[in-house]
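Just so it is clear: chains get the letters A, B, ... in the order the sequence lines come, proteins before strands, and each one is counted from 1.
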Amino acid sequence: MIDKSFDSAGAAVADIHDGASVMIGGFGTAGMPDQLIDALIARGVGDLTIINNNAGNGEQGVAALIREGRVKKIICSFPRQSDSHHFDAAYRAGSIELELVPQGNLAARIQAAGAGLGAIFTPTGYGTLLAEGKETREIGGRNYVLEYPIHADFALIKAQQGDRWGNLIYRKTARNFGPIMAMAARTTIAQVSDIVPLGALDPEVIVTPGIFVQRVVEIGRESA
Amino acid sequence: MNRLNRDQMAERVARDIPEGAYVNLGIGLPTKVANYLPQERDIFLQSENGLLGMGPAPAAGEEDWELINAGKQAVTLLSGGAFFHHADSFAMMRGGHLDICVLGAFQVSVHGDLANWHTGESGAIPAVGGAMDLAIGARQTFVMMDLLTKSGESKLVEACTYPLTGLACVSRVYSDLGVFSVGAEGARVIELVDGLSLEDIRKLTGLPLEG
């Protein structure tokens with residue numbers, strides 16, 4: 001019997017190693033898998049490359065990872081916010097590397113990794129600082145920039161419900177990067193409010209099929 | 001001269017958004033446009049974090065922090081609205097499905113180049129978000145901005161000096177002093193506020209604008 005459910009967030013992240021690349025879902029705090037991140041912090045590993053839309057908000061989630069000095073590099077689209085003080089301090093101290101990627105290119109590069117594409121030509125960023133030094137091509141009269149996929153060792157995402165085969169549904173705008181990160185990482189770990197019996201999720205509305213998910217942890221509704 | 005305030009600017013932009021349009025309103029000033037879209041017009045507001053059919057802010061105490069807009073403010077979803085992931089969201093822009101986006105700007109060139117993401121100051125932490133995707137992805141990109149900086153320099157310029165967000169992507173500029181079209185043909189005045197002449201606007205912008 002295949003059962004991808006894990007008893008605790010700690011057990012689910014127990015093999016994330018120093019130097020790992022880790023995608024973390026969430027747009028701001030919506031969809032941020034706080035309990036998985038707390039478990040990752042508790043593991044004590046560092047030198048991580050983090051892929052997230054932002055670079056932390058307040059004290060939770062990615063902000064806490066940065067505060068604890070665990071992040072070597074962050075790949076994101078929008079690091080600077082009113083409550084990104086832990087990133088700001090690390091960046092100004094030169095202790096964190098930043099790769100700034102336009103948000104749609106970030107999504108497209110993650111999706112390309114999940115879909116097994118070697119690269120993509122995207123119109124976004126053409127002629128700007130963020131395309132400097134990159135290969136470009138004119139296709140059908142429009143200019144494009146060559147961008148490479150973003151793969152990761154792990155993805156930590158948050159969903160509303162999952163089952164023991166790893167099928168997932170999400171809640172409202174907390175969906176954001178979850179479905180594409182699940183496809184792009186070698187090991188995807190989802191924290192969910194509830195693990196439901198097989199068949200309880202309507203197959204017509206499953207957003208992420210279980211093939212993209214290796215581990216599911218029930219966090220419960222109160223804390224999720 | 002009858003300079004428009006921010007609400008009047010938002011009202012002016014709203015007048016040009018037709019029924020049935022799929023629209024993304026950028027963070028900051030453009031979000032005000034939503035307040036002036038007539039209720040009898042079906043207009044679909046997209047927010048790039050993953051919703052279409054965005055409604056107004058919820059009542060205090062009714063916020064759901066998993067239902068937010070791109071500015072990370074609590075919003076609501078209209079009946080018929082939908083959620084989707086980020087790759088679909090940006091496909092809506094890049095794929096040319098979004099009719100209009102309204103963005104703020106530091107500068108817009110007469111040819112429609114946009115600078116709105118980075119001042120280029122050394123030491124500033126850069127952040128781009130969805131600005132570059134929106135600018136070049138929507139079928140029409142409207143800019144909403146004060147025409148002059150606080151020190152009186154025109155933000156409608158011959159060529160942008162700030163780092164670019166996108167090339168030749170803006171079609172229209174809605175400002176406190178008037179509305180302008182920009183593009184391959186250069187800039188043209190569509191309308192000026194009461195009490196401002198073509199001669200005045202040429203002086204203020206330093207551009208050889210025509211009506």
Chain B contact via [X] - side chain, backbone, both or neither, heavy atoms under 4.5 Å:
X: A:Leu98; value: side chain
X: A:Asn105; value: both
X: A:Val207; value: neither
X: A:Tyr91; value: side chain
X: A:Arg109; value: neither
X: A:Tyr170; value: neither

Between [options], which shows the greatest number of heavy-atom pairs under 4.5 Å with chain A?
options: B:Ala70, B:Ala82, B:Gly50; answer: B:Ala70
options: B:Phe84, B:Phe83, B:Trp65; answer: B:Phe83
options: B:Leu67, B:Leu167, B:Asn49; answer: B:Asn49

Give a yes or no on this: more than 12 heavy atoms of other residues, nucleotides or ligands lie within 6.0 Å of atom [atom1] of [X].
X: A:Leu146; atom1: CG; result: yes
X: B:Glu185; atom1: CD; result: no
X: B:Arg6; atom1: CZ; result: no
X: B:Phe44; atom1: CZ; result: yes

Step-by-step side chain to side chain contact (heavy atoms under 4.5 Å, CB included) determination, A:Phe87 to B:Ile125: CA-CA 10 Å; A:Phe87 169 79; B:Ile125 297 176; 3.7 Å; yes
Check whether any side-chain N or O of [X] sits under 3.5 Å from a backbone N or O of [Y] as a donor-acceptor pair, and report yes or no.
X: A:Thr128; Y: B:Leu164; result: no
X: A:Arg92; Y: B:Gly123; result: yes
X: A:Arg80; Y: B:Pro126; result: no

B:Val128 and A:Phe78: CA distance, side-chain angles, deciding distance, side chain to side chain contact (heavy atoms under 4.5 Å, CB included) verdict: CA-CA 6 Å; B:Val128 64; A:Phe78 208 79; 5.9 Å; no
Which heavy-atom pair separates [X] from [Y] by the least distance, and what is that distance?
X: B:Ala87; Y: A:Ile180; result: CB-CG2, 3.8 Å
X: A:Gly31; Y: B:Glu66; result: N-OE2, 4.5 Å
X: B:Ile68; Y: A:Ala30; result: CD1-CB, 3.8 Å

Reported [atom1]-to-[atom2] distance for the pair [X] and [Y], which is rounded to 0.5 angstrom:
X: B:Met54; Y: A:Thr173; atom1: CE; atom2: OG1; result: 11.0 Å
X: A:Leu129; Y: B:Thr165; atom1: CG; atom2: OG1; result: 9.5 Å
X: B:Glu48; Y: A:Phe27; atom1: CD; atom2: CZ; result: 6.0 Å

Trace of the salt bridge (Lys or Arg N to Asp or Glu O under 4.0 Å) decision for A:Arg171 with B:Asp64: CA-CA 11 Å; A:Arg171 186 170 177 276; B:Asp64 176 344; 2.4 Å; yes
Aromatic plane relationship, A:Phe177 with B:His86 - under 30° parallel, 30 to 60° tilted, over 60° perpendicular: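 Geometry flag for A:Phe177 against B:His86: parallel rings.
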Close contacts, residues 112-121 of chain A versus chain B, judged by heavy atoms under 4.5 Å: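 Counting heavy atoms that sit under 4.5 Å from chain B, no residue of residues 112-121 of chain A is involved.
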Chain B-proximal positions within residues 59-71 of chain A [heavy-atom distance under 4.5 Å]: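 Counting heavy atoms that sit under 4.5 Å from chain B, no residue of residues 59-71 of chain A is involved.
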Per-residue contacts, residues 92-120 of chain B versus chain A, heavy atoms under 4.5 Å: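 Only B:Arg94, B:Trp117, B:His118 of residues 92-120 of chain B have a heavy atom under 4.5 Å from chain A.
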Residues from residues 133-151 of chain B approaching chain A under 4.5 Å (heavy atoms):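 Hits under 4.5 Å: B:Asp133, B:Ile136.
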Largest heavy-atom contact set with chain B, pairs under 4.5 Å, which of A:Pro123, A:Gly125, A:Gly178: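 Heavy-atom pair counts peak at A:Pro123.
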